[in-house]
Amino acid sequence: MKRVLTGIQSSGRPHLGNILGAILPAIELSQKIESFLFIADLHALTTLKNKDLVKKNSIETAAAWLAFGLDTSKNVLYKQSDVPQVTELMWYLNCITPYPMLANAHSFKDKSNNLSDVNAGLFTYPVLMAADIILYNADTVPVGKDQLQHLEITRDIANKFNNHFGDTFVIPEASVKKNTLIVPGTDGRKMSKSYSNTINILGSENTIKKQIMGIITDSKGLEEPKDPSNCNIFKIYKLLASDFDTEKLRLKYLSGGFGYGHAKKELFELIVKKFEKPRKRFDELMNSHERITSELKKGSEIANETANSVLKKVRQNLGLVRA
Ligand code: ADP
Ligand code: TRP
């Protein structure tokens, strides 16, 4: 049977972009194919150096998966660090990974103009990602375009291992949605934690309101007709509303007498209404971590089983026989 696997780095509370672009599509796929979904907290350590934040981000990321309805009776949700075998596999893979392959990886290259800021974890980031994938016999890995190079590296390393040490790993394929959704942020660039332009739909209503009020628009006055296709408020609204409501808003833009403040209010109301249930579930989960902890424990037990059986074969094929 095919196995889907994907990870989300726990570098902050998931925002509207993460949810529409990664979490919801993965949940949809998980309704058809058994999925391994994990919180990449070891990867997050390449940048996070604060113990409380590391814990908080992992819990919030897990709560987001659960709040949006991931069915954990059919899928496996776990924390990367709860299966530390992945770091053992990473070492084996490190030993066959050519230096130039990593030196060419975007994740490193983009930061390599300031080498004193690059830690070894950042350099070997793609090897840990390869281990994440092949430790669980994953066939299909849904990722954003920015991760395609990491998938190529994974395939190269897995093939190299298989050729040298005998057939051990499934060779995974990346799956990239054709019309990959790019959710714009409040400043019109791609919504991203690193640009501080997010809408935190799992935050308080006040936070959401403030972020929406901060959406950048042109300076057209209330009475003037406005161009919806050039407006960040409209672009976000369109991703969330029905065709009927989108058309209604479009006409209001075109007719004039409708200001950006009004549009922001409509977007705010839409978000609060549309995400009412997951927001409520998220808050409930965050108020008592027990359910999250027990779901992660259950997931890590299943993940551990697969990891142990694959790792046993790896050790044998490497000539490392364990008592
Ligand atoms: P961020 O840019 O906020 O740090 P990440 O790089 O951690 O987000 O992305 C986590 C997941 O969310 C990835 O699968 C990524 O493709 C998806 N994602 C992030 N931002 C967006 C966005 N603006 N639109 C669509 N998908 C996004
Ligand atoms: N690097 C991925 C990202 O930043 C997260 C990730 C870590 C991942 N390990 C993975 C994604 C394995 C897919 C498969 O989005």
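Excluded from the calculations below are hydrogen atoms, water molecules and symmetry mates; all remaining heavy atoms, backbone and side chain alike, are included. Remember, it's 1-based here, ligands and their atoms both numbered in the order they're listed.
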Problem set entry | Qualifying residue for side-chain contact (heavy atoms from CB on, under 4.5 Å) with P228, from T246, L254, L249 |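 Only one of T246, L254, L249 forms a side-chain contact (heavy atoms from CB on, under 4.5 Å) with P228, namely L254.
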
Problem set entry | Test item: K226 side-chain N/O and E224 main-chain N/O as donor-acceptor pair under 3.5 Å |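 Pair found, side chain donor or acceptor close to backbone of E224.
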
Looking at the rings of [X] and [Y], which for Trp means the six-membered one, are their centres under 6.0 Å apart?
X	Y	result
Y78	Y136	yes
Y253	Y237	no
F169	F161	yes

Using a 3.5 Å cut-off on N/O to N/O, what pairs does ligand 2 make with the protein? A line per pair would be great.
{"from": "ligand 2", "atom 1": "1 (N)", "to": "Y125", "atom 2": "OH", "distance (Å)": "2.8"}
{"from": "ligand 2", "atom 1": "1 (N)", "to": "Q147", "atom 2": "OE1", "distance (Å)": "3.1"}
{"from": "ligand 2", "atom 1": "4 (O)", "to": "Y125", "atom 2": "OH", "distance (Å)": "3.3"}
{"from": "ligand 2", "atom 1": "9 (N)", "to": "D132", "atom 2": "OD2", "distance (Å)": "2.7"}

Exercise. How many angstroms lie between atom CG of N162 and atom CD1 of I134, to the nearest 0.5 angstrom?
Worked result: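 It comes to 8.0 Å.
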
Exercise. With hydrophobic residues grouped by side-chain heavy-atom distances under 4.5 Å, do V4 and F38 end up in a single group?
Worked result: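 No, it is not one cluster - the side chains of V4 and F38 are not joined through contacts under 4.5 Å.
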
For this session: Please determine, by modelled atom types, if T61 and S58 share a side-chain donor-acceptor pair under 3.5 angstrom.
Result: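 Absent: no donor and acceptor within the cut-off.
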
Would you mind listing each N/O atom of ligand 1 next to any protein N/O under 3.5 Å, plus the distance?
{"from": "ligand 1", "atom 1": "2 (O)", "to": "K190", "atom 2": "NZ", "distance (Å)": "3.4"}
{"from": "ligand 1", "atom 1": "2 (O)", "to": "S192", "atom 2": "OG", "distance (Å)": "2.7"}
{"from": "ligand 1", "atom 1": "3 (O)", "to": "H15", "atom 2": "NE2", "distance (Å)": "2.7"}
{"from": "ligand 1", "atom 1": "3 (O)", "to": "K193", "atom 2": "N", "distance (Å)": "2.8"}
{"from": "ligand 1", "atom 1": "8 (O)", "to": "N18", "atom 2": "ND2", "distance (Å)": "3.3"}
{"from": "ligand 1", "atom 1": "12 (O)", "to": "N18", "atom 2": "ND2", "distance (Å)": "3.2"}
{"from": "ligand 1", "atom 1": "20 (N)", "to": "K190", "atom 2": "NZ", "distance (Å)": "3.2"}
{"from": "ligand 1", "atom 1": "20 (N)", "to": "M191", "atom 2": "O", "distance (Å)": "3.3"}
{"from": "ligand 1", "atom 1": "23 (N)", "to": "V183", "atom 2": "O", "distance (Å)": "2.9"}
{"from": "ligand 1", "atom 1": "23 (N)", "to": "M191", "atom 2": "N", "distance (Å)": "3.3"}
{"from": "ligand 1", "atom 1": "23 (N)", "to": "M191", "atom 2": "O", "distance (Å)": "2.9"}
{"from": "ligand 1", "atom 1": "24 (N)", "to": "V183", "atom 2": "N", "distance (Å)": "2.9"}
{"from": "ligand 1", "atom 1": "26 (N)", "to": "G17", "atom 2": "O", "distance (Å)": "3.3"}

For this session: Take C231 and Y260 through the test side-chain contact (heavy atoms from CB on, under 4.5 Å) and record every step on the way to the result.
Result: CA-CA 9 Å; C231 175; Y260 289 122; 3.8 Å; yes

